[in-house]
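Below is one structure, written out as structure tokens; the observations come after it.
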Number of protein chains: 2
Amino acid sequence: MHLFWEHGYEATSLAMLREAMGLTPPQIYNAFTDKETLFRKALTRYHETEIGFALEALSAPVPTREAIRRLLLGAAEAYSRPGKPGGCLFVSGALAASPQAQAIADELKAYRKASEAAIAQRLAKGRAMGDLPEGPSVEGFAKYIAGVMNGMSIQARDGASAEELRIMAQTALAALPAEGQNRGASSKE
Amino acid sequence: MHLFWEHGYEATSLAMLREAMGLTPPQIYNAFTDKETLFRKALTRYHETEIGFALEALSAPVPTREAIRRLLLGAAEAYSRPGKPGGCLFVSGALAASPQAQAIADELKAYRKASEAAIAQRLAKGRAMGDLPEGPSVEGFAKYIAGVMNGMSIQARDGASAEELRIMAQTALAALPAEGQNRGASSKE
DNA sequence: AATCTTCCATATCGATCGATACGAAACCTA
DNA sequence: TAGGTTTCGTATCGATCGATATGGAAGATT
């Protein structure tokens, strides 16, 4: 998982995986069928072990803005954990891919879209509760939040520290209207 | 350039380049030395032809916030041009790379860092002129702006429309204090 | 017109990719 | 303990990677 996280799907060779896992090629293929299946296993594991902060933040019984704050700060921490590759596997795994790896790229894109959809769902709940008073549509906000997280992933990969990512998260949060507060009706920037 | 932009450095094979350019392998190597040099030529061309909006926005004689607004909206447009690959070549070119392509990945990272530095320089000028009153440090703001642009690049690659990217840009802009206006001294979010 | 030089596309290079066939070692059964 | 079976690591598979050697056509020179 760490290798795929660090180098992406295609750039991670079986030789690297073999050395890292201490397995011979037949052992790898007996256990994981092929490279693509192995990558999907790594994706599942990543989802289960590394980004629990997201589900926690979005399902916590707190105001919407606080939920988003936890989401962004959780990302800042998760994307810069010592001993782990920087950024998010869903982004690093295969942003650009060869035609042969299109299926993998599409699957990662689906993960990113699912993350955005989860954010949108939480925002919609907030809006229904009068918790997210103004500004763009729920989808627009969700795309912004998801986009900022993707951007944090790249910044992390470029060496940004946890503290720098936290600052970025807090700055991003300032774009969301504070609770019960009106941001001023600048309908068009 | 479009092929590298779409598939990234490593996933773009010489066979694809050969077909796209209508050249035979020796012609390619006579003209560009090797694949790495060809990619660097494409990078230079991209820098000259596709992202002029950035320099324009940052050097325009306008208030700081307006400069950043033009930068973000310019990115929204540049990252979703019809007939062009989505996103930014500096991001798509090689986010994750094999050890053999580390030099290319490092060069792209340098381009991204240079963009962030250019933003920081513009913000520093603004702050010196009293044009960017409050909030995080200039470096923190710059990392946020650059990060948002990187995030927009990924959203564009995931199919976001120009309009959706514009909304994201405007939402991101809301994180910057309006001119001469105080955002309220919430020192710690 | 005959020869020579220049140029260029095809065919192929060694290396590496993901994936597997095969032979040896270990283990269980009789 | 001998035989049969299973397991597992090495050696190698065909395909493709980036890069280049070679044979033949085109044009210049004598």
Side-chain angles (χ1 to χ4, degrees), chain A residues 1-46 85 89-111, chain B residues 1-46 85 89-111:
Chain A
M1 182 182 82
H2 283 192
L3 282 172
F4 284 131
W5 194 352
E6 173 73 29
H7 300 288
Y9 172 67
E10 290 191 282
T12 302
S13 71
L14 277 187
M16 299 161 72
L17 294 166
R18 184 182 58 75
E19 184 173 5
M21 297 193 288
L23 296 179
T24 64
Q27 286 174 324
I28 294 181
Y29 283 89
N30 280 334
F32 304 104
T33 307
D34 59 9
K35 188 188 179 186
E36 193 170 325
T37 305
L38 171 57
F39 180 73
R40 290 203 160 87
K41 285 253 187 188
L43 271 188
T44 303
R45 186 173 196 82
Y46 177 80
L89 174 57
F90 295 160
V91 173
S92 306
L95 229 199
S98 73
Q100 292 82 9
Q102 194 61 49
I104 293 292
D106 288 345
E107 176 147 350
L108 285 168
K109 174 174 159 182
Y111 272 95
Chain B
M1 182 181 82
H2 283 191
L3 282 172
F4 284 131
W5 194 351
E6 173 72 29
H7 300 287
Y9 172 67
E10 290 190 282
T12 301
S13 71
L14 276 188
M16 299 161 69
L17 294 167
R18 183 182 57 74
E19 184 173 3
M21 297 194 288
L23 296 179
T24 64
Q27 286 174 325
I28 294 180
Y29 283 91
N30 280 334
F32 304 105
T33 307
D34 59 8
K35 188 188 179 185
E36 192 170 326
T37 304
L38 171 57
F39 179 73
R40 290 201 160 90
K41 284 252 186 187
L43 270 188
T44 302
R45 185 172 197 84
Y46 177 81
L89 174 58
F90 295 160
V91 173
S92 306
L95 230 199
S98 73
Q100 292 81 10
Q102 193 62 48
I104 292 291
D106 288 345
E107 177 148 348
L108 284 169
K109 175 174 160 182
Y111 272 96

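Chain letters run A, B, ... following the sequence lines, proteins first, then strands; residues in each count from 1. Everything numeric here is computed off the predicted structure, so don't read it as measured data.
- Using a 4.0 Å heavy-atom criterion, one finds that Asp34(A) contacts the sugar-phosphate atoms exclusively.
- Residue contacts shown for Thr12(B) are limited to sugar-phosphate atoms, with no base heavy atom under 4.0 Å away.
- Between atom OH of residue Tyr29(B) and atom CG of residue Leu14(B) there is a gap of 3.5 Å, rounded to the nearest 0.5 Å.
- Relative to the six-membered ring of Phe4(A), Lys35(A) misses at least one condition, a distance below 6.0 Å or an angle of at most 45° to the axis.
- Here the P atom of nucleotide dT20(D) and the OH atom of Tyr29(B) are 7 Å apart, to the nearest Å.
- Rounded to whole Å, the distance from CD1 on Ile28(B) to P on dC8(C) is 14 Å.
- Nucleic acid contact for Ser98(A): none, since no nucleic acid atom lies under 4.0 Å from a heavy atom of the residue.
- The interatomic distance linking Glu36(B) (CD) with dA19(D) (P) rounds to 9 Å, in whole Å.
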Protein-to-nucleotide contact annotation, 5' to 3' order, nucleotides 5-13 of chain D [B base; S sugar-phosphate only; - none; under 4.0 Å, heavy atom]: ----BB---
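- Phe90(A) pairs with exactly one of Trp5(A), Tyr111(A), Tyr9(A) by the ring pair (Phe, Tyr, Trp, His ring centres under 6.0 Å) rule, that one being Tyr111(A).
- dG18(D) atom P lies 12 Å from atom CD of Glu10(A), rounded to whole Å.
- Distance Glu19(A) CD to dT16(C) C1': 16 Å, rounded to the nearest Å.
- No donor-acceptor pair under 3.5 Å is formed between the side chain of Glu10(A) and the backbone N or O of Ala11(B).
- Distance CG (Leu3(A)) to P (dC17(C)): 13 Å, rounded to an integer number of Å.
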